[in-house]
> 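One structure, pasted below without further comment.
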2 protein chains.
Amino acid sequence: MTHETWTFFPHAGSRHVQTLRVALRLFVQNGFFNTSIQDLCAEAGVSIGFFYNHFADKEGIARELYRHLLARMNMLLDEIEERQTSNRERCEAVLRMLFGLAEAEPEAMGFVVNARHREFLPEEQAICSASAFVRMRGFVFAGMADGEIREMNPMVAASLMYGSAIRMICLRLDGLVDTPIGQLFDSLWDGVWRSLRPD
Amino acid sequence: MTHETWTFFPHAGSRHVQTLRVALRLFVQNGFFNTSIQDLCAEAGVSIGFFYNHFADKEGIARELYRHLLARMNMLLDEIEERQTSNRERCEAVLRMLFGLAEAEPEAMGFVVNARHREFLPEEQAICSASAFVRMRGFVFAGMADGEIREMNPMVAASLMYGSAIRMICLRLDGLVDTPIGQLFDSLWDGVWRSLRPD
DNA sequence: GTCTATATCCTGATAGAC
DNA sequence: GTCTATCAGGATATAGAC
């Protein structure tokens, strides 16, 4: 299993998953509140009855989507943690993964990065407190403890590490960057690392 | 007029402005779609009739808020452009301004940075295409043309310049950073500049 | 399990008195 | 200009047949 391409939905097929995919697209394109269950079911080709047998309610499908995407990110982080030994390499691999996902599954990435989940999933934690994002910052903290990364405030280091890439992804998703950002990765990583490497 | 503190709403007073401020707070705290006009009017202490005499509709108040905040950012950019001569200084001043605004007016900053405006203001351009953000990137492009900033893809440079600060602001607004971020500015700017300065 | 038809609620917006 | 009372529409969620 090579990972030249990353994906959030490795297996598609069942109507359940198909409904999730359509929900993802509509939630990202039009927003959660602008998507009616009727529209969603019509677009997914399922009945209202089917919907309510598979999902508790409208929040339910959004929650399943949210948790699925975060769980998938955690699995990708697991692989990175296994493969890479230094924290610098882990961070680089994370950024490369994010760039890859943004190109392969822009809607999923949009839902993770852009959506204001608290507005429709009130009981979920803020996404930057979610396990996957905590672990990503953990790589930075560990790198600083090891001396791979310069001494500084940990949150400043995490922002320097991930902020530029997230910004670039947002610009790409919003159509302000024409070229696939994979081509820009090396240049971005070079800049990021200059800001964090020891003197 | 010193600018140790920046503000989006320099003058408050009229019921019109008061209603705008309450709308801002509710839109950021609960989201646009979770805020009913009835709740908004009750909280602002105005009647439904007053509301519809001052604003065309629910979108209208959101649009006025949006345009006001962006216009105010443009004014602050005007001042920065006047005061600072080099593009490096301008970028640094922009970041300092953003940090200051995030502390002084977190709700306004949240509305600018976090809200998904396209969901409730369909005819507005994406915010990263708005004049203020275009000008901010322009400082970076000009700095690269002048040789103050290393040669690289312009959008990569813009992401390196602004991404970390925006990320830090988001973390602060989401409660993951306890200390006022003004204290962290020098450290962050040091990192940002390392990523962009010529060799 | 799946579908259609429908109940119920709430919201944005208006009408008309003052 | 400002207010209260109300309307009309659309949304979520359910009921009940199959």
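Convention: sequence-line order gives letters A, B, ...; per-chain numbering from 1. All heavy atoms count here, side chains included; hydrogens, waters and symmetry mates do not. Because the structure is a prediction, the values reported are computed rather than measured.
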> Distances for protein N/O vs nucleotides 2-8 of chain C N/O pairs under 3.5 angstrom?
| from | atom 1 | to | atom 2 | distance (Å) |
| --- | --- | --- | --- | --- |
| C:dT2 | OP2 | A:H54 | NE2 | 3.1 |
| C:dC3 | OP2 | A:S47 | OG | 2.6 |
| C:dC3 | O5' | A:S47 | OG | 3.2 |

> Inspect the contact between B:E43 and B:R25 and indicate whether a charged nitrogen and a carboxylate oxygen are less than 4.0 angstrom apart.
yes
> Find the distance A:Y52:OH to D:dT12:P and express it as a whole number of Å.
6 Å
> For DNA chain C, find the residues of residues 24-35 of chain A with a heavy-atom distance under 4.0 Å and give them by number; none if there aren't any.
none
> Taking atom types as modelled, find out whether A:S187 and A:D190 have a side-chain donor-acceptor pair closer than 3.5 angstrom.
no
> State plainly whether the residues B:E89 and B:R83 are in salt-bridge range, i.e. N to O under 4.0 Å.
no
> Whole-Å distance between C:dT11 P and B:L40 CG?
13 Å
> Say whether B:E64 and B:H16, considering side chains only, have a donor N or O and an acceptor N or O under 3.5 Å apart.
yes
> Do the side chain of A:R172 and the main chain of A:A102 share a donor and acceptor less than 3.5 angstrom apart?
no
> List for me each residue that meets side-chain contact (heavy atoms from CB on, under 4.5 Å) alongside B:V134, sequence neighbours excluded, and say none if there are none.
B:R137
> Provide, to the nearest angstrom, the distance between the CZ atom belonging to B:F55 and the P atom belonging to C:dA13.
13 Å
> Taking all atoms of both residues into account, what is the closest heavy-atom pair of B:F111 and B:A62, and its distance?
CZ-O, 4.2 Å
> In plain terms, say whether B:R63 and B:E123 are close enough for a salt bridge, that is, a side-chain N and a carboxylate O under 4.0 Å apart.
yes
